[in-house]
There are 2 protein chains.
Amino acid sequence: MNIGDVSERTGLPAKTIRYYEDIGLVRPARDTNGYRVFRDTDAHKLAFLGRARALGFSIEDCRTLLALYEDDDRASADVKAVATEHLHQIEDKIAQLQAMRDTLNELVHCCAGDNRPDCPILKDLARH
Amino acid sequence: MNIGDVSERTGLPAKTIRYYEDIGLVRPARDTNGYRVFRDTDAHKLAFLGRARALGFSIEDCRTLLALYEDDDRASADVKAVATEHLHQIEDKIAQLQAMRDTLNELVHCCAGDNRPDCPILKDLARH
DNA sequence: CTTGACCCTCCAGTGACTGGAATCCTTATC
DNA sequence: GATAAGGATTCCAGTCACTGGAGGGTCAAG
């Protein structure tokens, strides 16, 4: 499989796949012409990475998760710890964003949005 | 006012304030010794920026908002447009994160988290 | 033999800072 | 006057996870 095929299969851009090789997440073989050759296991790993990234895991988390995935002697507790920590971070982020949204929502609703200069949004930002 | 004073007043790190000068958001005067000299209007602008950033506005949005703030002939509609667009982006982001959270939450709850290797989180990431 | 679709590497840029090195200025104390 | 602490300066590099682009090699079809 060339990089284009595996890109289509996994939905990851070829650039991203090359980058993942660069940082050691996958190690595809090479053809005599220098092209990367991906086996099914490589494609599988990349799909795994794509899904982990889609869940918001950092690259380093992905590296850890991949290592755990390939370790038959892993403890599921280790996987759960990574996921739980990540879950907490997501929850924090959601709370932050919701606070922003609530404030913004109120400000936007208070603003007439016409051609006059008077604006409660700016007033709030500039509050003395 | 030196950078340290304005940093304390606004809560922005000195590094950040220098960076904001670098990208042209503020233009403090200079003392004969080369030190930045911040007037009240500079401190005020920086506080404005700090609050806009805290609401998640991008630097470019902040630049726009600051320009609108300083333009007595602004139309509040222009401010509202920036804020509304940003609000939509935040709402999208929240929805994304909530979807991640829901998936992760379920996976985490399904995982025993013991010393056995069997793990539904990895199973989901690796789904064939 | 040419065309177009692939593939390769390498370098630079993104956003919004942040850390660190090396140096200079000010203020207080001895 | 020396010294030390604390604060100021500049400049360079790094963060994260890619992404874009230049410049060039390879392959299959017509």
Side-chain angles (χ1 to χ4, degrees), chain A residues 1-38 42-43 45-46 48-66 85-86 89-90 93 96-97 100, chain B residues 1-39 42-43 45-46 48-66 82 85-86 89-90 93 96-97 100:
Chain A
M1 243 190 311
N2 281 350
I3 200 166
D5 308 316
V6 82
S7 166
E8 200 173 350
R9 263 213 217 182
T10 60
L12 296 171
K15 278 261 177 190
T16 300
I17 296 171
R18 289 194 196 99
Y19 171 68
Y20 286 174
E21 185 191 15
D22 242 40
I23 61 173
L25 286 177
V26 278
R27 305 186 190 282
R30 293 289 178 136
D31 207 341
T32 48
N33 59 11
Y35 285 21
R36 289 167 183 80
V37 178
F38 295 85
D42 296 317
K45 265 196 202 183
L46 286 166
F48 181 103
L49 289 168
R51 284 189 283 261
R53 292 286 301 132
L55 284 178
F57 286 105
S58 72
I59 289 286
E60 284 318 302
D61 278 351
C62 288
R63 199 189 295 280
T64 305
L65 290 171
L66 207 50
E85 168 66 16
H86 178 48
Q89 284 179 14
I90 286 181
K93 189 83 198 169
Q96 264 181 40
L97 289 173
M100 287 181 189
Chain B
M1 243 188 312
N2 281 350
I3 200 166
D5 308 316
V6 82
S7 165
E8 199 172 351
R9 264 214 216 180
T10 60
L12 295 171
K15 278 258 176 193
T16 300
I17 296 171
R18 289 195 196 98
Y19 171 67
Y20 286 174
E21 184 190 15
D22 242 40
I23 61 174
L25 286 177
V26 279
R27 305 187 190 282
R30 292 292 177 134
D31 207 340
T32 47
N33 59 12
Y35 286 20
R36 289 168 184 80
V37 178
F38 296 85
R39 289 156 226 270
D42 296 317
K45 264 197 203 182
L46 286 166
F48 182 102
L49 288 169
R51 283 187 284 261
R53 292 287 300 132
L55 284 179
F57 285 106
S58 73
I59 289 287
E60 283 319 302
D61 279 351
C62 288
R63 199 188 296 279
T64 306
L65 291 172
L66 208 49
V82 172
E85 168 66 16
H86 178 48
Q89 284 180 15
I90 286 182
K93 189 83 198 171
Q96 264 181 40
L97 288 174
M100 286 181 191

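Atom set for the values below is all heavy atoms of this structure, side chains included, hydrogens, waters and symmetry mates excluded. Reminder, nothing fancy here: chain letters follow the sequence lines and each chain counts from 1. Because the structure is predicted, anything quoted here is derived from the model rather than measured.
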Taking only side-chain N and O atoms of [X], does any of them lie within less than 4.0 angstrom of OP1 or OP2 on [N]?
X: B/Arg36; N: D/dT10; answer: yes
X: A/Arg18; N: C/dC8; answer: yes
X: B/Tyr20; N: C/dC17; answer: yes
X: B/Asn33; N: C/dT26; answer: yes

Check your understanding: Are any non-hydrogen side-chain atoms of A/Tyr19 and A/Leu25 less than 4.5 angstrom apart?
Key ->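 Not in contact.
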
Review point. Given side chains that start at C-beta, do those of B/Leu66 and B/Phe48 come closer than 4.5 Å, heavy atoms only?
Key: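 SC-SC contact between B/Leu66 and B/Phe48 confirmed.
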
Distance in angstrom units between [X] [atom1] and [N] [atom2], rounded:
X: B/Leu25; N: C/dG15; atom1: CG; atom2: P; result: 13 Å
X: B/Phe38; N: D/dA8; atom1: CZ; atom2: P; result: 9 Å
X: B/Glu21; N: C/dT18; atom1: CD; atom2: P; result: 17 Å
X: B/Glu60; N: C/dG15; atom1: CD; atom2: C1'; result: 10 Å
X: A/Arg30; N: C/dC7; atom1: CZ; atom2: P; result: 12 Å
X: B/Asp22; N: D/dT10; atom1: CG; atom2: P; result: 9 Å

Review point. Under 6.0 Å from the CZ atom of A/Arg9, do we count more than 12 heavy atoms belonging to anything else shown?
Key: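 Counting other residues, nucleotides and ligands, CZ of A/Arg9 stays at 12 neighbours or fewer.
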
Check your understanding: Within a reach of under 6.0 Å around CD of B/Gln89, are more than 12 heavy atoms found that belong to other residues, nucleotides or ligands?
Key ->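 Yes - once you tally the heavy atoms of other residues, nucleotides and ligands closer than 6.0 Å, there are more than 12.
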
Practice item. Specify the residue among A/Asn2 and B/Ile59 whose closest nucleotide of DNA chain C lies further upstream toward the 5′ end. Key: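 It is A/Asn2 whose nearest nucleotide is closer to the 5' end.
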
Practice item. Using a cut-off of strictly less than 4.0 Å between a heavy atom of the residue and any atom of DNA chain C, enumerate the qualifying residues of residues 8-16 of chain A by number. Key: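 Output list: A/Lys15.
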
Review point. Would you say the side-chain atoms of A/Asn2 pair up with the backbone N or O of A/Gly4, donor to acceptor, closer than 3.5 Å?
Key: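 Such a contact is absent between A/Asn2 side chain and A/Gly4 backbone.
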
Review point. Does the distance from a Lys or Arg side-chain N to an Asp or Glu carboxylate O, for A/Glu60 and A/Arg63, drop under 4.0 Å?
Key: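 The answer is yes: the pair qualifies as a salt bridge.
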
Review point. Side chain of B/Tyr19, base of C/dG15: donor and acceptor closer than 3.5 Å?
Key: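 Side chain to base: no pair below 3.5 Å.
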
